[in-house]
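Residue numbers begin at 1 in each chain, while the letters A, B, ... track the order of the sequences. These figures come from a predicted structure and were not determined experimentally.
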Amino acid sequence: MRLAASTRNLTKEYVLDGETVRALRGVSLDVPEGDWVAIMGASGSGKSTMLNLFACLDRPTAGTIMLGDDDVSKLNDDQLSEIRASRIGIVFQSYNLIPQLTVIENIEVPLYYQGIYSSKARKRCIDLAAMVGLADRLKHRPTQLSGGQQQRVAIARSLVNDPYFILADEPTGNLDSATTEEILQLLEKLNNDGKTIIMVTHEPDVGDRTKRIVRLRDGLVISDRPTGGDCSTEHDDD
Amino acid sequence: MAFWLRTWQLGVKSLLLHPLRSLLTVLGIFIGVASVIWLLAIGEGISQKAQEQIAELGADNIIVRTIKPPSEVMDTGSSGATPYGITRDDFDRLTQTIPTIERALPIREIRRRFSYANRVIDGRLVGCTPEYAEVTRLQMDRGRFITDLDQEHKHNHCVLAANVAERLFPFENPIGRSIHVDEHYYVVVGVAKEKAPSAGIGGSFAAQDFSNDVYIPISTLWSRIGDFIVTRRSSSFEREIVELSQVTLRVDHVDHVMETADLVELTMAEHHRLEDYGVTVPLELLEQAKTTRMMFIIFMGMIAAISLIVGGIGIMNIMLATVTERTREIGIRRALGAKRSDIIRQFLVETIALSIVGGVTGVLAGLTCRGVTGVIRQGLEKAFPEIMEALPPVIQSVEPIVVPWSIPVAFGISVVIGIIFGTYPAMRAAAMDPIEALRHE
Ligand SMILES: Nc1ncnc2c1ncn2[C@@H]1O[C@H](COP(=O)(O)OP(=O)(O)OP(=O)(O)O)[C@@H](O)[C@H]1O
Ligand SMILES: [Mg+2]
């Protein structure tokens, strides 16, 4: 099976006022293509740090991180930017759409930073907007959309560059349960179509909808198992 | 191409997000650019005018003028008056010893009252030779100027300046009539066209007003009036003995003007103990005027540059605020694949767009300066007539002339200012850590 991403002994340390914070202390993880992983754990356990490393927003202090067949652990800022533009799809808790741009323009942004600007690309963006159910809102601005709609735009945007995987940091954290369900169904559909998804979440209900739950504590993986089993024993670290 | 179009589109879009703020920022550059063009145009207008007036004096002329020395250095003779100024001997010496002098024009001016019937006007009685009209570019309206024959026979003929003719003969044709000066009569043989006053630049050469002149042959003046002049002042009589008020020398070639002027100075100095004459070289004045113009341009340029820098600081201020305000957007763009250079480009494009808009509108405003100056002048003349009256004529009548090179220069500077003052905020934006930026707010 091909791997969408894998890490070996991934370590991330922050130095703050001379004190070292060890956010990740050697995480090794394989994410095969088509997987849907939930990363869970207490606040401060290193979930976002790990996701940021997958997102190529940061570089590890030690260890390796592979995206597909590419080692991205030692790339410089420009090279990381290029990978983000061309192969990373990312969804945030607070949607993070650009307010002055319309729905369609927001979806286009990663293509713009790859230097792609064609009618074919525009067509692809329109198709993606239709896929997330916003075909009639193309010219609307983010402020004119509900939270769930904004998050769907963000998901469409994360798909536009045909990424290795979709990274999502608490994508349902700001949504009510009905909208959360909408988003989860959308992600489910994408996963069924073969998209790999790595998602950070606090909510056990959301975690249970994924295929696999990885639990972190103090920068270490403490459990890694498929969903469906009894998860209640693991809730001690939340 | 499409990429750049998109970049500019995005920039304009972001600017339109805060239209008032963008407008105010543009205003700084607009004022800077417009003031560059205006100040240079006004400076050019003034200097052009000055140069024209100097050129009026003739670039190949040297003007020697009698100056009345202070009374304490003059010893009063038996007649109660001392002779001073240029003499007929000076005139002969100059014309005979300096070969580069092509022609010499003797002039004697006396303030007199002219009358016809019951109408009176005060003006200058100018004794001159026939060449006077040509050398001073005096044009005739009616009749003729003084001729060699008049000169030779000391005819009592005169030529009136336009204003004198109008005042003394409002309803009649003056030609053939006789005007009255002191106890003498002069027959009018011609009327001159109106002539602008000459420049008053250089210590020895006060501005001359030709509008109240009456011209007669200098030989007539010498024989009828003589050198000993008594002028009635309010309570006393002023006695003077002056042979010539002015000698205008024409040099055979412009290249010889400076050396000839030196010779004239030497020749005059040899025979004059007192500083009772002055030598004016229009060519020299012209050179001075050009230097003055350069200094004026530099001075105006500095003022304009300062206003542009102030505009630039305005841009920088706004862009720094914008960058802080849009930290999150920067984080999003970085997360979606923008390189540092993309962020720099984005913010630079915005500042350049602002300065281009300021530049273009500033240039347009600069081009209107002729019309606007006219309107402002009219307004001022209505509102503050006394103040306008008191201003020097050059400023009263200045027509700004837009200096062609000031347009690309002003525009170019505005864009350069945009780049210079936009770079720092753009770099600050690009230097942000994407994760931190995303966490902002
Ligand atoms: N830029 C940073 N500088 C210093 N320390 C940091 C930085 N980013 C994260 N940390 C620290 O690293 C540790 C892990 O943080 P991280 O954000 O990954 O936690 P998290 O699991 O996402 O928590 P939460 O559930 O609250 O989002 C924390 O102790 C945090 O204080
Ligand atoms: Mg987190």
Side-chain angles (χ1 to χ4, degrees), chain A residues 12 14 23 48-49 51-59 75-102 105-119 121-122 141-143 154 157-158 160-161 163 167 169, chain B residues 1-22 319 321-347 349-350 353-354 426-441:
Chain A
K12 180 70 193 177
Y14 295 102
S48 295
T49 304
L51 210 77
N52 288 339
L53 288 172
F54 277 125
C56 296
L57 282 165
D58 213 348
R59 265 168 301 199
L75 299 183
N76 67 25
D77 193 81
D78 276 0
Q79 290 167 324
L80 288 178
S81 298
E82 257 164 52
I83 295 211
R84 289 199 297 270
S86 58
R87 295 308 300 276
I88 306 277
I90 189 160
V91 177
F92 302 90
Q93 177 174 357
S94 48
Y95 328 129
N96 278 347
L97 301 179
I98 297 173
Q100 66 265 38
L101 301 184
T102 61
E105 286 167 340
N106 263 294
I107 297 175
E108 265 171 356
V109 171
L111 298 181
Y112 169 73
Y113 288 117
Q114 285 181 71
I116 297 172
Y117 190 69
S118 62
S119 53
R122 165 91 14 163
R141 287 181 199 279
T143 46
R157 179 178 68 185
S158 75
V160 77
N161 53 3
L167 297 169
D169 197 344
Chain B
M1 192 58 221
F3 172 76
W4 279 102
L5 200 73
R6 186 102 186 99
T7 307
W8 284 91
Q9 251 176 18
L10 274 173
V12 170
K13 224 171 204 171
S14 304
L15 292 173
L16 290 181
L17 222 56
H18 300 284
L20 180 65
R21 181 199 286 186
S22 301
M319 289 316 286
T322 304
V323 164
T324 308
E325 195 185 82
R326 284 161 67 185
T327 300
R328 197 182 184 94
E329 178 192 332
I330 295 163
I332 300 170
R333 290 183 178 278
R334 292 280 279 142
L336 297 180
K339 299 191 178 94
R340 288 188 198 282
S341 55
D342 289 318
I343 300 296
I344 290 182
R345 187 186 314 110
Q346 180 190 344
F347 283 97
V349 158
E350 285 184 27
L354 286 175
M427 304 254 284
R428 271 240 317 228
M432 285 180 191
D433 176 55
I435 299 171
E436 302 261 331
L438 278 169
R439 223 185 269 143
H440 194 258
E441 272 171 344

Less than 4.5 Å to any heavy atom of chain B: does that hold for the side chain of A:N96, its backbone, both, or neither?
both
Quick check for you: to the nearest 0.5 Å, what is the distance between B:I332 atom CD1 and A:L97 atom CG?
7.0 Å
Mind checking which of residues 334-342 of chain B sit less than 4.5 Å from chain A, heavy atom to heavy atom?
B:R334, B:A335, B:L336, B:G337, B:A338, B:K339, B:R340, B:D342
In Å, rounded to the nearest 0.5 Å, how long is the span from CD1 of A:I90 to CG of B:L438?
7.5 Å
Using 0.5 Å steps for rounding, measure from the CZ atom of B:R328 to the CZ atom of A:F92.
8.5 Å
List the steps and the verdict of side-chain contact (heavy atoms from CB on, under 4.5 Å) for A:L101 and B:L10.
CA-CA 8 Å; A:L101 301 184; B:L10 274 173; 3.3 Å; yes
Using a 6.0 Å cut-off, check whether atom CE of B:M427 has over 12 heavy atoms from anything other than its own residue.
no
Inter-residue atom distance B:R333.CZ - A:I98.CD1, 0.5 Å rounding:
3.5 Å
Output the distance between atom CZ (B:R6) and atom CD (A:E108), rounded to the nearest 0.5 Å.
5.0 Å
What part of B:L16 is in contact with chain A, defined as an atom under 4.5 angstrom from a non-hydrogen atom: side chain, backbone, both or neither?
neither
With chain B as the partner, which of A:I116, A:D77, A:L80, A:I88 has the greatest number of non-hydrogen pairs under 4.5 Å?
A:D77
Between CG of A:L51 and CD1 of B:I435, what distance do you get to the nearest 0.5 Å?
10.0 Å
Full working for side-chain contact (heavy atoms from CB on, under 4.5 Å) between B:R326 and A:Q100
CA-CA 11 Å; B:R326 284 161 67 185; A:Q100 66 265 38; 3.7 Å; yes
Chain B contact via A:R87 - which portion, at a heavy-atom distance below 4.5 Å
neither
